[in-house]
Amino acid sequence: MKTRRRASLTVEASLALPIFLYAMVLLSYLGLFIKCQDEVQWAMTRVVREASAEYGAGGSNALKSSLYYRTKLAVYMERAGLPVALSESKLLEDGENLDLIVRYRVTLPFRLGIPQIYRFRQRVHSRAFVGVEDRGRGTDAEDVTVYVAETGQVYHRKRECTYLKLSISQMKYGDIDSLRNVGGGRYKPCERCCEGKKLTSGAAVFITNFGDRYHSVRSCSGIKRTIREMKLSEVGSRTPCSKCGKRSD
């Protein structure tokens with residue numbers, strides 16, 4: 001009887017173990033899908049937010065091209081390593097709405113009785129940021145506080161003006177030639193942190209939305225922007241900002 005029981009347990013274990021291992025593998029694949037979707041959604045949201053702010057600040061036509069989004073997605077999704085298709089996206093076609101639609105597929109290393117290729121579609125929608133206007137506060141025009149960048153030639157009535165904010169993006173040195181700032185200009189090497197350096201195509205560089213230089217160090221002093229307050233009567237020859245410099249009624 002003891003021999004029969006042992007044989008019975010051995011048979012049951014041999015039948016149950018493959019089923020258990022199969023279930024564990026399927027669960028690990030499910031975790032892989034969830035991780036991929038999470039990374040793609042995070043990258044899409046970040047890219048759309050940056051594009052929305054930059055378009056509201058400068059309105060560059062480069063932000064209507066899929067190349068801008070494809071390049072940034074490739075950087076933010078570098079660990080996922082997923083090729084994406086943006087053919088369904090509507091990129092600021094009406095000048096206001098940004099509808100980023102990404103299609104990609106995940107291929108499993110083994111079939112295991114289930115399909116090996118799975119296709120996904122994710123979407124992020126936003127409107128271009130165009131700022132807000134403050135109503136007049138009844139203060140004397142000459143006593144109004146304005147904001148000036150350290151080397152700026154204009155003054156700003158709003159501290160939160162997008163022209164005063166720098167959006168710093170990490171890119172690959174090999175992609176610099178294909179990138180443009182919000183004014184459509186090319187990026188050149190920073191004289192402070194890139195002088196004498198030979199960068200490989202995969203090296204990380206940093207660019208800003210309104211700048212015309214790329215930096216090899218994120219903490220480079222050329223990236224920082226110092227903003228100070230002053231009275232309107234003290235601006236001298238500085239002209240008002242084209243975005244926020246108009247006086248509110």
Side-chain angles (χ1 to χ4, degrees), residues 39 42-63 65 67-81 98 128-129 131 145-230 235-245:
E39 290 186 5
W42 173 85
M44 292 175 63
T45 302
R46 180 171 178 176
V47 171
V48 166
R49 286 178 177 175
E50 291 181 2
S52 177
E54 291 180 19
Y55 187 78
S60 172
N61 287 329
L63 295 168
S65 170
L67 177 62
Y68 170 92
Y69 305 90
R70 193 180 304 278
T71 302
K72 283 208 166 186
L73 284 173
V75 174
Y76 297 146
M77 293 168 52
E78 184 175 5
R79 289 184 301 174
L98 177 55
F129 177 73
T145 299
V146 294
Y147 307 91
V148 179
E150 185 176 16
T151 58
Q153 301 300 314
V154 300
Y155 65 85
H156 307 262
R157 289 183 178 270
K158 299 176 183 178
R159 181 65 176 80
E160 65 275 13
C161 178
T162 51
Y163 285 146
L164 286 175
K165 295 183 179 180
L166 288 177
S167 174
I168 304 174
S169 301
Q170 178 178 327
M171 312 298 293
K172 290 183 178 179
Y173 174 69
D175 297 328
I176 284 297
D177 287 341
S178 62
L179 300 177
R180 301 290 184 274
N181 58 23
V182 294
R186 292 176 176 271
Y187 288 96
K188 302 175 183 177
C190 172
E191 298 84 354
R192 303 182 186 184
C193 63
C194 293
E195 185 175 1
K197 288 187 178 180
K198 292 184 178 180
L199 303 176
T200 61
S201 60
V205 294
F206 304 90
I207 59 175
T208 60
N209 47 351
F210 295 103
D212 60 356
R213 296 288 188 272
Y214 62 83
H215 308 264
S216 61
V217 181
R218 196 182 192 285
S219 58
C220 176
S221 59
I223 297 179
K224 297 178 182 179
R225 173 171 289 182
T226 302
I227 301 171
R228 58 193 181 96
E229 297 181 0
M230 64 171 57
V235 298
S237 61
R238 294 183 178 89
T239 57
C241 168
S242 60
K243 184 175 180 62
C244 69

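- Atoms NE2 and CZ, from His156 and Arg238 in turn, are 10.0 Å apart once rounded to the nearest 0.5 Å.
- A 6.0 Å sphere centred on CZ of Arg49 holds no more than 12 heavy atoms belonging to other residues, nucleotides or ligands.
- Using a 4.5 Å heavy-atom threshold, the side chains of Arg159 and Ile227 count as touching.
- Under the 3.5 Å distance criterion, the side-chain polar atoms of Tyr69 are matched with a main-chain donor or acceptor of Leu63.
- Among all heavy-atom pairs drawn from Leu98 and Ala51, the shortest one is CD2-CB, 3.8 Å.
- Sequence neighbours left out, the pairs with a member in residues 166-175 that pass salt bridge (Lys or Arg N to Asp or Glu O under 4.0 Å) are Glu78-Lys172.
- The closest side-chain heavy-atom distance from Lys188 to Asp212 is not below 4.5 Å.
- The shortest non-hydrogen separation linking Cys193 to Ser216 is O-OG, 2.7 Å.
- In this structure, the separation between NE2 on His215 and CD on Gln170 is 13.5 Å, given to the nearest 0.5 Å.
- Of all heavy-atom pairs between Tyr155 and Val148, the closest is CB-CG2, 4.0 Å.
- Applying the side chain to side chain donor-acceptor pair (under 3.5 Å) rule to Glu191 yields the partners Arg213; only residues at least two apart in sequence or on another chain are considered.
- Scanning both residues, Cys244 and Arg157, for their nearest heavy atoms gives O-CB, 3.3 Å.
- Scanning all heavy atoms of the two residues, the minimum distance from Tyr76 to Glu50 falls at OH-OE2, 3.0 Å.
- No side-chain donor-acceptor contact under 3.5 Å links Ser52 to the backbone of Val48.
- Atoms OH and CE, from Tyr187 and Met171 in turn, are 8.5 Å apart once rounded to the nearest 0.5 Å.
- Taking CD1 from Ile168 and CZ from Phe206, the interatomic distance works out to 9.0 Å, rounded to the nearest 0.5 Å.
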